[in-house]
Student: 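Right, I'll just put the structure down here and ask away after.
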Amino acid sequence: MPHAERGMVVGLFGGSFNPPHQGHALVADIALRRLGLDQLWWMVTPGNPLKSHSNLAPLSQRLAWSEKVAANPRIKVTAFEKTLGGSYTAKTLARVKALNPHVHFIWIMGADNLKSFDKWQNWQGIACTFPIAVIDRPGATLSYLSSKMAQRFGFARLDEDDAGVLWRKRAPAWTFIHGPRSTLSSTALRAAGAK
C-alpha cells in the first residue's frame, strides 16, 4: 500500500486495467485537478468478480502497463489488493480506512460503472465508507441519473463546482464531474489486439 501522510487527500482509482489506456489516464488527471488530490492510488485489481477472467492479462503485466500510462508523479500505481486476499472493493476500502485513519480518501469511478454498481458486493456500504467522485465517460452522461446509486443517494450529491471540497464531506457524499471524455475502452483494445 502506498504511503500517505496524515491529512493528505488521496483518490482511490481501482480497476482491472486490462489493458490500461489514455482514457484511464484522463480520468486520473481530471480527478487530480478537480478534487484537489495530493495523491491518486491507481489500484490494479486481481480481477473483477463480475467479469470473466478468461482474457485477463497477468497482474504483473497489467501493473507494468499501468505504470507506463500513469505518468504523473502524484499517481501511485499499486496492486496491494492482492495481498489482502480478495477482490471485493468493499473489503478493500474497509481495510484501507482501517490502516490509514488520518487520510482523507475519495473513491473514484467512471460513470460507466454506475450501471452495475448496485451489483457490487455491499455497494451501499462502499457509498457510506468514502465520498465518491464519478467521472463522466462516453455514453454514460445521462444514464447515471437513472442508476440505483443516483436514486438511492440523490440526497448526498454535491454540485460538481464543489468537487474540491468533497474530501471534507462525511460519506455518503458524491459528485458527478463532467469534462473531456475518451472513447477508448479496454474491451475494444482487447478485441483489436485479438485481431
Side-chain angles (χ1 to χ4, degrees), residues 1-29 31-32 35 37-110 112-114 116-135 149 166-167 171-172 174 185-187 189-190:
M1 193 173 297
H3 175 73
E5 296 292 333
R6 182 186 189 99
M8 275 188 166
V9 180
V10 176
L12 302 173
F13 181 38
S16 300
F17 302 109
N18 187 42
H21 50 72
Q22 288 305 313
H24 293 128
L26 180 61
V27 167
D29 182 61
L32 281 165
L35 299 169
L37 303 177
D38 295 305
Q39 292 181 7
L40 181 139
W41 294 0
W42 182 302
M43 299 167 23
V44 184
T45 67
N48 184 332
L50 297 175
K51 295 180 181 177
S52 167
H53 291 194
S54 62
N55 294 322
L56 188 64
L59 181 61
S60 59
Q61 182 66 59
R62 292 181 285 122
L63 195 60
W65 289 336
S66 294
E67 286 173 348
K68 288 181 182 176
V69 173
N72 190 311
R74 289 188 292 157
I75 297 175
K76 311 299 179 192
V77 177
T78 178
F80 72 83
E81 191 172 29
K82 174 128 175 95
T83 64
L84 298 179
S87 57
Y88 289 105
T89 301
K91 179 181 174 185
T92 299
L93 295 184
R95 189 80 176 123
V96 166
K97 187 172 192 167
L99 293 172
N100 300 277
H102 304 295
V103 174
H104 305 285
F105 289 104
I106 299 173
W107 176 249
I108 297 162
M109 62 191 301
D112 50 329
N113 281 314
L114 280 183
S116 64
F117 188 50
D118 61 295
K119 294 179 177 41
W120 293 21
Q121 185 182 65
N122 195 16
W123 69 278
Q124 294 186 57
I126 294 170
C128 293
T129 301
F130 296 137
I132 298 174
V134 181
I135 311 294
M149 155 67 173
L166 181 63
W167 65 271
W174 67 285
S185 81
S186 296
T187 303
L189 290 173
R190 284 195 308 276

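Atoms considered below: every heavy atom in the structure, side chains included; atoms not considered: hydrogens, waters and symmetry mates.
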Student: Is there a side-chain contact between P19 and R62 in this structure, where contact means two heavy atoms from C-beta onward sitting under 4.5 Å apart?
Tutor: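 A side-chain contact under 4.5 Å is absent here.
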Student: Residues two or more places apart in sequence or in another chain: which of them pass side chain to side chain contact (heavy atoms under 4.5 Å, CB included) with P58?
Tutor: S60, Q61
Student: Is E81 close to Y88 at the side-chain level, that is, under 4.5 Å between some pair of heavy atoms?
Tutor: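 No - every pair of side-chain heavy atoms lies 4.5 Å or more apart.
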Student: Does any non-hydrogen side-chain atom of M109 lie less than 4.5 Å from one of L114?
Tutor: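 Yes, at least one pair of side-chain atoms sits under 4.5 Å.
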Student: Measuring from atom CE of M43 to atom CG of L63, what distance do you get when rounded to the nearest 0.5 angstrom?
Tutor: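 It is 12.5 Å, given to the nearest 0.5 Å.
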Student: Who are the ring-ring contact (aromatic ring centres under 6.0 Å, His included) partners of F130, not counting sequence neighbours?
Tutor: F105
Student: Show your working on side chain to side chain contact (heavy atoms under 4.5 Å, CB included) between F80 and V96 and close with a plain yes or no.
Tutor: CA-CA 10 Å; F80 72 83; V96 166; 3.6 Å; yes
Student: Could you tell me whether the side chain of N72 and the main chain of D29 form a donor-acceptor pair under 3.5 Å?
Tutor: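 Judged by distance alone, no pair lies under 3.5 Å.
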Student: Just jot down the side chain to side chain contact (heavy atoms under 4.5 Å, CB included) partners of A4, sequence neighbours excluded, or say none.
Tutor: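 Partners of A4 by the side chain to side chain contact (heavy atoms under 4.5 Å, CB included) criterion, ordered by chain and then number, come out as M8, V10, Q39, W41, V103.
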Student: Indicate yes or no: at least one non-hydrogen side-chain atom of I108 is less than 4.5 angstrom from one of L12.
Tutor: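 Counting from C-beta outward, I108 and L12 never come under 4.5 Å.
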Student: Are the aromatic rings of W42 and F17 close, with centres under 6.0 Å apart?
Tutor: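 Ring centres of F17 and W42 closer than 6.0 Å.
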Student: Looking at side-chain heavy atoms only, is the closest gap between I126 and F117 below 4.5 Å?
Tutor: yes
Student: Closest heavy-atom contact between A70 and I75?
Tutor: CB-CG2, 3.6 Å
Student: Write down the atom of L56, the atom of P46, and the distance for their closest heavy-atom approach.
Tutor: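 Scanning both residues completely, I find the closest heavy atoms to be CD2-O, 3.2 Å.
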Student: Considering non-hydrogen atoms only, spot the tightest contact between N18 and A57 and give its length.
Tutor: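 Smallest interatomic distance, heavy atoms only, reads OD1-N, 3.0 Å.
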Student: Let me see the working for L99 and M1 under side chain to side chain contact (heavy atoms under 4.5 Å, CB included), right down to the final yes or no.
Tutor: CA-CA 9 Å; L99 293 172; M1 193 173 297; 3.7 Å; yes
Student: Side-chain contact test, heavy atoms from C-beta onward, threshold under 4.5 Å: evaluate it for K82 versus T45 and give yes or no.
Tutor: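 In short, these two side chains do not touch, never coming nearer than 4.5 Å.
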Student: For the pair H24 and H21, name the ring-plane relationship: parallel under 30°, tilted 30 to 60°, perpendicular over 60°.
Tutor: parallel
Student: Taking the side chain as every heavy atom from C-beta outward, state whether I132 and I106 have any atom pair closer than 4.5 Å.
Tutor: no
Student: Quick one: are T78 and V44 in side-chain contact, heavy atoms under 4.5 Å?
Tutor: no
Student: May I have all residue pairs that pass side chain to side chain donor-acceptor pair (under 3.5 Å) and include part of residues 121-134, sequence neighbours excluded?
Tutor: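 Sorted pair list: Q124-R152.
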Student: Looking only at heavy atoms, what is the nearest atom pair of A171 and A127, with distance?
Tutor: CB-O, 3.5 Å
Student: Can you list the residues that meet the ring-ring contact (aromatic ring centres under 6.0 Å, His included) rule with W167, with sequence neighbours excluded?
Tutor: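 Testing W167 for ring-ring contact (aromatic ring centres under 6.0 Å, His included), a comparison that skips the adjacent residues, returns H104.
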Student: Go through the steps to decide whether R74 and K76 satisfy the test side chain to side chain contact (heavy atoms under 4.5 Å, CB included), and finish with yes or no.
Tutor: CA-CA 6 Å; R74 289 188 292 157; K76 311 299 179 192; 6.0 Å; no
Student: Taking salt bridge (charged side-chain N to carboxylate O under 4.0 Å, His left out) as the definition, give me every residue that meets it alongside D38, ordered by chain and number, with sequence neighbours left out.
Tutor: none
Student: Rounded to the nearest 0.5 Å, what separation is found between the CG atom of L59 and the OG atom of S66?
Tutor: 9.0 Å
